Amino acid sequence: MTKTWLVTGTSSGFGRELATLLAQQADINLVATARKLSDLSYLDAFDHGQIAKTLLDVTNTAQISATVRTAQERFGGIDVLVNNAGLGYFATIEESDEAAVRHMFEVNVFGLAAMTKAVLPSMRHQKSGTIVNLSSALGLVTLPTMGYYSATKFAVEGYSEALQQEVAALGIDVMIVEPSGARTNWAGKSSQKTIPIIADYAQFKDQVAGTNASVGSEPGDPKEIARLIFEQVTATTPTPKHLPLGHFASVGAQSHLTELLSEIKGVAALSERADQA
Ligand SMILES: NC(=O)c1ccc[n+]([C@@H]2O[C@H](COP(=O)([O-])OP(=O)(O)OC[C@H]3O[C@@H](n4cnc5c(N)ncnc54)[C@H](OP(=O)(O)O)[C@@H]3O)[C@@H](O)[C@H]2O)c1
């Protein structure tokens, strides 16, 4: 049976690789979205009527409604929503620019939530669907200068885990994807940087300043990441709740969670004291 996928942020990176893969499948309709339709011309070579392109900034409510309406009118509904659009920000917590932080939250958290809310009624009605939310390895474990980015991705984790519990019985799967650093535009043009100037944070200066130079040498392969997401959605029932991808995501999360578990166990007796009759 033909399935319809809607993917946000298909102009570059994971979204573009996933859209390219989906566009070549016999049994898939694709709603490819971008902030500039001209960024989607790479799909023309694969289009034989199964691709709809829409203009979509995930912070724009009218464009969200129009995109979902297009999917329904062209293909009769949406089976898989991939909330991929996102951006980063490198800065220490104290030196972060509030406007940049708020914008990142608008895209990474509230944009993802608005897309999900727009698609849920039809998934509930059809009693099936898969929602794929792009978190990050930094949604499981964090690093200096990544605090606010991690805050957006930890938010995606909490939001998605609650949603998993709310919609599992309705036939809807929610898969959270947590990639390590990968060779996309994310650390480059998709991430604003504020280089530390406070002397106490001097040790992080090179880390932020050097980010642009290291773009392109990240270990993660976006094509393979797109394929892994595709395989998990199409071949695994139910889909995994979490999909950490890459060595840092897997090992970093395991060691962070082991440490967290040990900390929580270490104060267990004290925790119990808080509940008094
Ligand atoms: N690459 C990594 O190392 C990495 C690791 C873990 C998680 N991630 C996450 O993976 C997702 C995809 O990122 P990527 O690595 O593929 O980076 P990317 O190449 O920079 O792609 C980001 C995509 O998001 C789009 N976007 C940005 N703001 C948007 C908005 N307001 N509305 C709609 N689309 C918007 C971009 O569109 P424009 O071209 O118009 O800017 C682009 O298509 C993000 O959520 C990111 O946080 C990335």
Side-chain angles (χ1 to χ4, degrees), residues 6-21 31-43 53-64 66-67 81-90 100 102-115 118 132-143 146 148-157 159-160 175-192 211-212 214-226 228-229 242-250 252-253:
L6 191 168
V7 186
T8 66
T10 57
S11 66
S12 73
F14 302 150
R16 181 178 173 135
E17 294 299 345
L18 184 60
T20 305
L21 182 64
V31 183
T33 72
R35 292 193 290 177
K36 275 193 280 160
L37 285 179
S38 57
D39 285 342
L40 302 181
S41 55
Y42 69 92
L43 287 169
K53 298 179 194 169
T54 72
L55 196 63
L56 178 64
D57 181 319
V58 296
T59 66
N60 183 318
T61 314
Q63 290 180 358
I64 291 175
T67 291
L81 166 66
V82 183
N83 280 313
N84 164 73
L87 39 87
Y89 182 42
F90 292 69
R102 285 184 182 276
H103 177 63
M104 180 170 57
F105 267 90
E106 285 298 334
V107 177
N108 293 6
V109 181
F110 297 114
L112 173 148
M115 282 304 301
V132 178
N133 285 343
L134 262 291
S135 171
S136 167
L138 292 170
L140 295 170
V141 53
T142 193
L143 295 169
M146 300 312 305
Y148 278 116
Y149 176 68
S150 275
T152 67
K153 296 300 188 178
F154 274 64
V156 168
E157 295 275 335
Y159 167 94
S160 304
M175 180 169 80
I176 313 167
V177 184
E178 294 121 344
S180 310
R183 298 183 293 275
T184 69
N185 287 336
W186 177 80
K189 81 171 180 66
S190 297
S191 288
Q192 202 175 313
T211 311
N212 284 330
S214 61
V215 168
S217 57
E218 298 91 340
D221 174 6
K223 238 187 210 35
E224 187 58 23
I225 287 169
L228 286 161
I229 293 171
H242 290 270
L243 190 65
L245 296 174
H247 180 78
F248 173 72
S250 180

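Predicted model only: the values in this text are computed from it and were never measured. Atoms within each ligand, like the ligands themselves, are counted from 1 in listed order.
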Inset, instruction - Of the side chain and backbone of Val107, name the one, both, or neither that has a heavy atom under 4.0 Å from an atom of ligand 1. - result: side chain

Legend entry - Val58 to ligand 1, any heavy atom closer than 4.0 Å: yes

Inset, instruction - Just need the protein heavy atom nearest to atom 36 (C) of ligand 1, so name the residue and atom and give the distance. - result: Ser11 OG, 3.9 Å

Inset, instruction - For ligand 1, note which part of Tyr149 has a heavy atom under 4.0 Å away: side chain, backbone, both or neither. - result: side chain

Inset, instruction - Determine whether the side chain, the backbone, both or neither of Pro222 has a heavy atom under 4.0 Å from any heavy atom of ligand 1. - result: neither

Legend entry - N/O donor-acceptor pair under 3.5 Å between Ser214 side chain and Thr211 backbone: yes

Legend entry - Check: Phe14 N/O within less than 3.5 Å of ligand 1 N/O: yes

Inset, instruction - Report the nearest protein non-hydrogen atom to atom 22 (C) of ligand 1: residue, atom name, distance rounded to 0.1 Å. - result: Gly86 O, 3.6 Å

Inset, instruction - Show which atoms of ligand 1 fall inside a sub-4.0 Å distance from at least one heavy-atom site of Asp57. - result: 30 (C), 31 (N), 32 (N), 33 (C)

Inset, instruction - Give a yes/no verdict on whether any heavy atom in Glu106 is under 4.0 Å from an atom of ligand 1. - result: no

Legend entry - Thr152 side chain to Val109 backbone, donor-acceptor under 3.5 Å: no

Inset, instruction - Could you tell me which atoms of ligand 1, counted from 1 in the order shown, lie closer than 4.0 angstrom to a heavy atom of Lys189? - result: 39 (O), 41 (O)

Inset, instruction - Mind checking ring pair (Phe, Tyr, Trp, His ring centres under 6.0 Å) for Tyr149 and listing every partner two or more places apart, or none if nothing turns up? - result: Trp186

Inset, instruction - Look at atom 14 (P) of ligand 1 and find which of Asn83, Thr184, Thr8 reaches it with the closest heavy atom. - result: Thr184

Legend entry - Atom indices of ligand 1, in the order listed, that fall short of 4.0 Å to a heavy atom of Ser190: 18 (P), 20 (O)

Inset, instruction - Check each of Arg16, Lys36, Arg35 against atom 29 (C) of ligand 1 and report the one with the nearest heavy atom. - result: Arg35

Legend entry - Protein contact of atom 6 (C) of ligand 1 - nearest heavy atom, named by residue and atom, plus distance: Pro179 O, 3.1 Å

Legend entry - Nearest neighbour in protein (non-hydrogen) for atom 7 (C) of ligand 1: Ser135 O, 3.2 Å

Inset, instruction - Enumerate the atoms of ligand 1 whose separation from the nearest heavy atom of Gly9 is less than 4.0 angstrom. - result: 23 (C), 25 (C), 43 (O)

Inset, instruction - Among Leu87, Asp57, Thr8, find the one that has a side-chain contact (heavy atoms from CB on, under 4.5 Å) with Val107. - result: Leu87

Inset, instruction - Report the C-alpha distance between Asn83 and Leu134 in whole Å, list the side-chain angles of each, state the deciding distance to 0.1 Å, and finish with yes or no for side chain to side chain contact (heavy atoms under 4.5 Å, CB included). - result: CA-CA 6 Å; Asn83 280 313; Leu134 262 291; over 6 Å; no

Legend entry - Under 3.5 Å: donor-acceptor pair, side chain of Glu218, backbone of Gly216: yes

Inset, instruction - Using a 4.0 Å heavy-atom cut-off, say whether Ser180 meets ligand 1 through its side chain, its backbone, both or neither. - result: backbone

Legend entry - Arg183 side-chain N/O to Pro219 backbone N/O, donor-acceptor pair under 3.5 Å: yes

Inset, instruction - Among all protein heavy atoms, pick the one closest to atom 26 (N) of ligand 1 and tell me residue, atom and distance. - result: Ala85 CB, 4.0 Å

Inset, instruction - Give the residue, atom name and distance (to 0.1 Å) of the protein heavy atom nearest atom 45 (O) of ligand 1. - result: Asn84 O, 2.9 Å

Inset, instruction - May I ask you to identify, for Leu56, whether its side chain, its backbone, both or neither come under 4.0 Å of ligand 1 on a heavy-atom basis? - result: backbone

Inset, instruction - State whether the side chain of Asn84 and the backbone N or O of Gly9 hold a donor-acceptor pair below 3.5 Å, judged by distance alone. - result: yes

Legend entry - ligand 1 contact on Lys153 by region, counting heavy-atom pairs under 4.0 Å: side chain

Inset, instruction - With heavy atoms of Gly13 as the reference, note each atom of ligand 1 found under 4.0 Å away. - result: 16 (O), 19 (O)

Legend entry - atom 18 (P) of ligand 1: the protein heavy-atom neighbour that sits closest, reported with distance to 0.1 Å: Ser12 OG, 3.4 Å

Inset, instruction - For atom 2 (C) of ligand 1, find the nearest protein heavy atom and state the residue, atom name and distance (0.1 Å precision). - result: Ala182 N, 3.6 Å

Inset, instruction - I would like to know whether Leu112 and Val58 meet side chain to side chain contact (heavy atoms under 4.5 Å, CB included); could you show each step before the answer? - result: CA-CA 7 Å; Leu112 173 148; Val58 296; over 6 Å; no

Inset, instruction - Show which atoms of ligand 1 fall inside a sub-4.0 Å distance from at least one heavy-atom site of Gly181. - result: 3 (O)

Inset, instruction - State if Gly139 counts as touching ligand 1 under the rule of any non-hydrogen atom under 4.0 Å. - result: no

